[in-house]
Amino acid sequence: MNKTGRAVLEILIGGDLISGTAIGEQLGISRTAVWKHLSQLRAWGVGIQTVKGRGYRVEAGIELLSEPQILAAMLTESIPLLDELHILNDIDSTNTYAREQIEQGFGSGFVCMAERQSRGRGRLGRDWVSPFGRNIYLSAIWEFQQGVAALEGLSLAVGVAVCRAIKVLGVTGIELKWPNDILLGGRKVGGILLEMLGDPVGVCQVVVGIGINFEMPADAAIDQAWADLAKHQGVTRNCLAGQVLSQLLPLLSTYSDLGFSHYKSEWEDYDAFQGIDVQLSTPGETVAGIARGVSASGAICLEIEGQEHLFSGGEVSLRRRV
Ligand code: BTN
């Protein structure tokens, strides 16, 4: 969707019925062009109602992402850490876009968000369902001087930042599932995908991708139990984005000094699986044990036959043992 497509949507969000001709006149485009934008929006799942002979309107309220509203929701002290904010209508993946911006010279404090991702990416090669105007799809860049060693546990710490942001908005019952799934009522409400670029032992950049289900369509094709936040009164998408940035940017700017040990006990306060029988799967093996929190570097600790063992690594997944 280009700027005109967004302008068409903004007119429709006004709520009153409006004809295609009137939209075209306001924007200086033909009725055919208006119609093409409407079809595009419909194809993305935006509920546009047509009343014969009278015009169009958006069925249910949509809150589009807005830079001024996001900035207004941010804590004052975190705003200087935001170097650049790109709000995109339609992108393959905000993580991919952020990676491309590193090549264009952007670095720490660059953030992009999108209304829709056509190829949103999750952990373990999964897709991340990313319909238009519904959820949070956000990626931030940060540069680190000491290589990937300084990033140990960062994805878990980002999970803590997201939990804090959601909690600030008054939502209770947020939990974390190792390494960094965000759960609400035991169902997945958000996820984190970190990608590293640059020199593994020198200057490197990390792209922190965060997806939060805000108002997922009921029929979303997601193959696991999911939750969203929209039913929680007073939570708006722009406020949520502002809170996430307020927690995330200070964390990134101090992480090479503080490390994961600073977040360990808070992570464990959110741990959904503490003391629970779990099964951990890696590409090579599956082990069973009792979850006993995390180490100072973010590895999961499992008690197996009375002994504690640490597990870390990217291609690992954890589930409750039944
Ligand atoms: C997971 O599988 O739990 C991680 C999901 C991460 C999704 C976010 S949405 C914003 C960013 N762009 C992507 O393509 N993925 C991440």
Side-chain angles (χ1 to χ4, degrees), residues 44 65 70 85-102 106 110-142 154-163 165-166 174-184 186-197 205-217 220-229 237-238 240-241 243-245 247-249 252 267 270 272-273 280-281 283 298 300 313-319:
W44 288 346
L65 294 171
I70 293 170
L85 176 61
H86 289 189
I87 294 185
L88 311 157
N89 290 314
D90 178 34
I91 197 77
D92 49 359
S93 150
T94 55
N95 265 31
T96 309
Y97 180 83
R99 290 174 67 136
E100 288 161 7
Q101 301 315 300
I102 294 172
F106 284 106
F110 174 91
V111 173
C112 59
M113 296 185 64
E115 296 288 3
R116 170 183 189 264
Q117 296 185 120
S118 53
R119 299 192 65 185
R121 295 187 278 115
R123 282 185 66 239
L124 309 173
R126 296 190 184 121
D127 294 335
W128 188 257
V129 175
S130 309
F132 184 90
R134 300 285 195 139
N135 302 317
I136 298 283
Y137 320 118
L138 179 153
S139 298
I141 302 172
W142 209 268
L154 176 61
S155 72
L156 278 78
V158 171
V160 170
V162 174
C163 288
I166 295 175
I174 283 287
E175 292 178 309
L176 288 167
K177 176 167 90 76
W178 189 88
N180 46 31
D181 280 2
I182 298 133
L183 307 182
L184 181 62
R187 295 160 173 265
K188 185 155 172 171
V189 74
I192 292 156
L193 181 69
L194 253 59
E195 295 180 293
M196 322 290 174
L197 287 99
Q205 295 84 18
V206 58
V207 172
V208 178
I210 300 175
I212 305 173
N213 297 340
F214 181 78
E215 188 175 15
M216 193 60 99
I222 302 178
D223 59 2
Q224 59 180 315
W226 58 269
D228 62 18
L229 298 177
R237 213 155 59 103
N238 285 304
L240 176 60
Q243 289 301 332
V244 168
L245 291 176
Q247 298 296 336
L248 177 69
L249 297 174
L252 293 172
W267 194 96
Y270 286 114
F273 282 7
L280 185 121
S281 307
I300 186 163
E315 298 277 292
V316 184
S317 65
L318 186 73
R319 63 169 60 162

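As the structure lists them, so they are numbered: ligands from 1, and atoms in each ligand from 1. Quick caveat, the model's predicted, so the values are computed rather than measured. Scope of the values below: all heavy atoms of this structure, side chains included, with no hydrogens, waters or symmetry mates. Just so you know, residue 1 is the first one in the sequence shown, and it goes up from there.
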Among protein heavy atoms, which sits nearest to [atom], and what does the distance come to when rounded to 0.1 Å?
atom                    : value
atom 2 (O) of ligand 1  : Arg123 N, 2.6 Å
atom 3 (O) of ligand 1  : Lys188 NZ, 2.6 Å
atom 6 (C) of ligand 1  : Arg121 O, 3.6 Å
atom 12 (N) of ligand 1 : Gln117 OE1, 2.9 Å

Taking both backbone and side-chain atoms of Thr94, is any N or O found less than 3.5 Å from an N or O belonging to ligand 1?
yes
Side chain, backbone, both or neither: the part of [X] lying under 4.0 Å from ligand 1 by heavy atom:
X      : value
Thr96  : neither
Asn180 : neither
Leu124 : neither

Asp228 (side chain) donor-acceptor with Asn213 (main chain) under 3.5 angstrom:
no
Do side-chain atoms of Trp178 reach the backbone of Gly298 as a donor and acceptor pair under 3.5 angstrom?
yes
Measuring from atom CD1 of Ile174 to atom CG of Leu184, what distance do you get when rounded to the nearest 0.5 angstrom?
4.5 Å
I need the atoms of ligand 1 closer than 4.0 Å to a non-hydrogen atom of [X], numbered in the order shown.
X      : answer
Gly120 : 14 (O)
Gly122 : 1 (C), 2 (O), 4 (C), 5 (C)
Leu138 : 10 (C)

Do Asn135 and Phe214 have side chains that get closer than 4.5 Å, going by heavy atoms?
yes
Going by heavy atoms in the side chains, are Tyr270 and Leu183 under 4.5 Å from each other?
no
Can Ser281 and Arg319 be counted as having a side-chain donor-acceptor contact under 3.5 angstrom?
no
So which atom in Arg237 and which in Ile136 form the shortest heavy-atom distance, rounded to 0.1 Å?
O-CD1, 3.6 Å
side-chain contact (heavy atoms from CB on, under 4.5 Å), paired with Arg116, selected from Asp90, Asn89, Leu88:
Asp90
Nearest neighbour of atom 5 (C) of ligand 1 from the list Tyr137, Trp128, Tyr97, on a heavy-atom basis:
Trp128
